[in-house]
Amino acid sequence: MDEIIDLHSDQYFMGEALRQAHRAWEREEVPVGAVIVHGGRIIARACNQVETLKDATAHAEMLAITQAESAIGDWRLNECELYVTKEPCPMCAGALVHVRMRRVVFGCASPKDGGAGGVVDLLRHPKLNHQCEVTTGVREQECAEMLRAFFRERRTEP
C-alpha cells in the first residue's frame, strides 16, 4: 500500500525547505532553505544567497520573510510558520521575533551560532515583546547531512 502524504505536515513543509537548500548548494551557497506557510499554503520560498547577492543579510529566512510580507500585505506574520533546514542565526531569529512569526520549525541545531537555543534563544526570550512557538529536529538527519556534505566537498576542492 502506498504511503499517504500529509500535505500539511511538518515533514512535508521541511521537504520543501530541503528543496530550497539543494538550490542553494547548486549555486555554491551554504545549503539552507526556508519556506513560510500561511493557512496551510506556502507563500514564500527562499534559499541562502549571501554569495550571489554579495549581501551578508541574504539568509534564506530573511529573504523568505520579505516575500511573505509582500504576499500577506503586512509586515506582521503572526499567523505564519517558518520551516528552515538549519537553526536560525541571531540576526534571523531577531527578525522572526520582530515580524511576530507564530511558529518556527527547524531541522538541525547550530550550536556555534544558533539564535534559537544554540548560543542564545531569541525566539523564546521572556523579555522580548514576542515569543515564537518552536519545533526542532524535523528531518534533522537530512538537514544536517546536507550541510556536512557541502562543507566536506568544499574542503576537498583544490
Side-chain angles (χ1 to χ4, degrees), residues 4-25 27 29-53 55-144 146-147:
I4 296 172
I5 299 171
D6 180 356
L7 298 179
H8 293 108
S9 73
D10 288 351
Q11 301 288 324
Y12 173 76
F13 291 125
M14 189 59 73
E16 294 300 305
L18 279 160
R19 282 193 228 307
Q20 292 299 309
H22 187 71
R23 286 183 60 217
W25 189 345
R27 298 173 182 174
E29 297 276 358
V30 174
V32 176
V35 298
I36 295 179
V37 175
H38 179 261
R41 205 176 105 249
I42 295 173
I43 60 168
R45 300 173 192 268
C47 62
N48 272 358
Q49 294 188 49
V50 172
E51 300 300 333
T52 303
L53 299 176
D55 179 356
T57 68
H59 289 194
E61 301 96 320
M62 301 296 279
L63 298 171
I65 286 169
T66 301
Q67 283 180 34
E69 289 168 333
S70 180
I72 297 286
D74 193 358
W75 63 268
R76 291 175 196 85
L77 301 178
N78 57 318
E79 295 179 11
C80 296
E81 300 176 330
L82 169 81
Y83 292 82
V84 61
T85 56
K86 177 180 165 285
E87 178 182 348
C89 73
M91 172 185 69
C92 294
L96 292 164
V97 170
H98 282 298
V99 301
R100 293 154 176 75
M101 187 69 62
R102 184 178 73 75
R103 182 170 174 240
V104 175
V105 181
F106 65 85
C108 62
S110 187
K112 292 183 180 178
D113 72 347
V119 174
V120 295
D121 191 350
L122 293 175
L123 297 182
R124 295 173 284 203
H125 197 288
K127 289 190 176 183
L128 294 176
N129 65 332
H130 175 78
Q131 289 82 42
C132 303
E133 181 185 331
V134 177
T135 302
T136 66
V138 175
R139 297 181 74 166
E140 181 176 14
Q141 291 304 106
E142 291 169 82
C143 294
M146 185 178 294
L147 286 162

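Throughout, numbering of the chain's residues begins at 1 and tracks the sequence.
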Sorted by chain and residue number, the ring-ring contact (aromatic ring centres under 6.0 Å, His included) partners of Phe106 (sequence neighbours excluded) come out as none
Consider side chain to side chain contact (heavy atoms under 4.5 Å, CB included). Of Ile42, Ile43, Ile72, which one does Ile36 pass it with? Ile43
Exactly one candidate in Val50, Ile65, Val32 meets side chain to side chain contact (heavy atoms under 4.5 Å, CB included) with His59; the answer is Val50
Closer than 3.5 angstrom, by distance alone: can the side chain of Ser70 be matched with the main-chain N or O of Thr66 as a donor-acceptor pair? no
Arg23: partners by salt bridge (Lys or Arg N to Asp or Glu O under 4.0 Å), with sequence neighbours left out: none
Identify, with sequence neighbours excluded, every residue that meets salt bridge (Lys or Arg N to Asp or Glu O under 4.0 Å) alongside Arg76. Asp74
For [X], give me all partners under side-chain hydrogen bond (donor to acceptor under 3.5 Å, both in side chains), at least two apart in sequence or on another chain.
X	answer
His98	none
Glu29	Thr52
Asp55	Thr57
Thr135	Arg103

Arg102 with Glu79: basic N within carboxylate O range, under 4.0 Å: no
Please report the shortest heavy-atom distance between [X] and [Y], naming the atom on each side.
X	Y	value
Ala93	Gly115	CB-O, 3.4 Å
Met101	Val104	CG-CG2, 4.0 Å
Cys132	Leu96	SG-O, 4.2 Å
Ala116	Arg124	O-NH2, 3.5 Å
Gly114	Pro90	C-CD, 4.3 Å
Met62	Cys92	CG-SG, 3.7 Å

Contact list for [range], test salt bridge (charged side-chain N to carboxylate O under 4.0 Å, His left out), sequence neighbours left out:
range	result
residues 58-73	none
residues 35-50	Glu16-Arg45
residues 83-94	Lys86-Asp113
residues 30-40	none

Out of curiosity, [X] [atom1] to [Y] [atom2], how far, rounded to the nearest 0.5 Å?
X	Y	atom1	atom2	result
Asp10	Arg139	CG	CZ	11.0 Å
Glu142	His22	CD	NE2	13.0 Å
Cys47	Arg19	SG	CZ	14.0 Å
Gln11	Ser9	CD	OG	6.0 Å
Leu82	Phe13	CG	CZ	12.0 Å
Arg27	Gln49	CZ	CD	5.5 Å

Using the test side-chain contact (heavy atoms from CB on, under 4.5 Å), find all partners of Ala46 that sit at least two apart in sequence or belong to another chain. Leu63, Ala64, Gln67
[X] vs [Y] side-chain heavy atoms within contact, under 4.5 Å:
X	Y	value
Thr85	Pro31	no
Asn129	Arg100	yes
Val105	Glu81	no

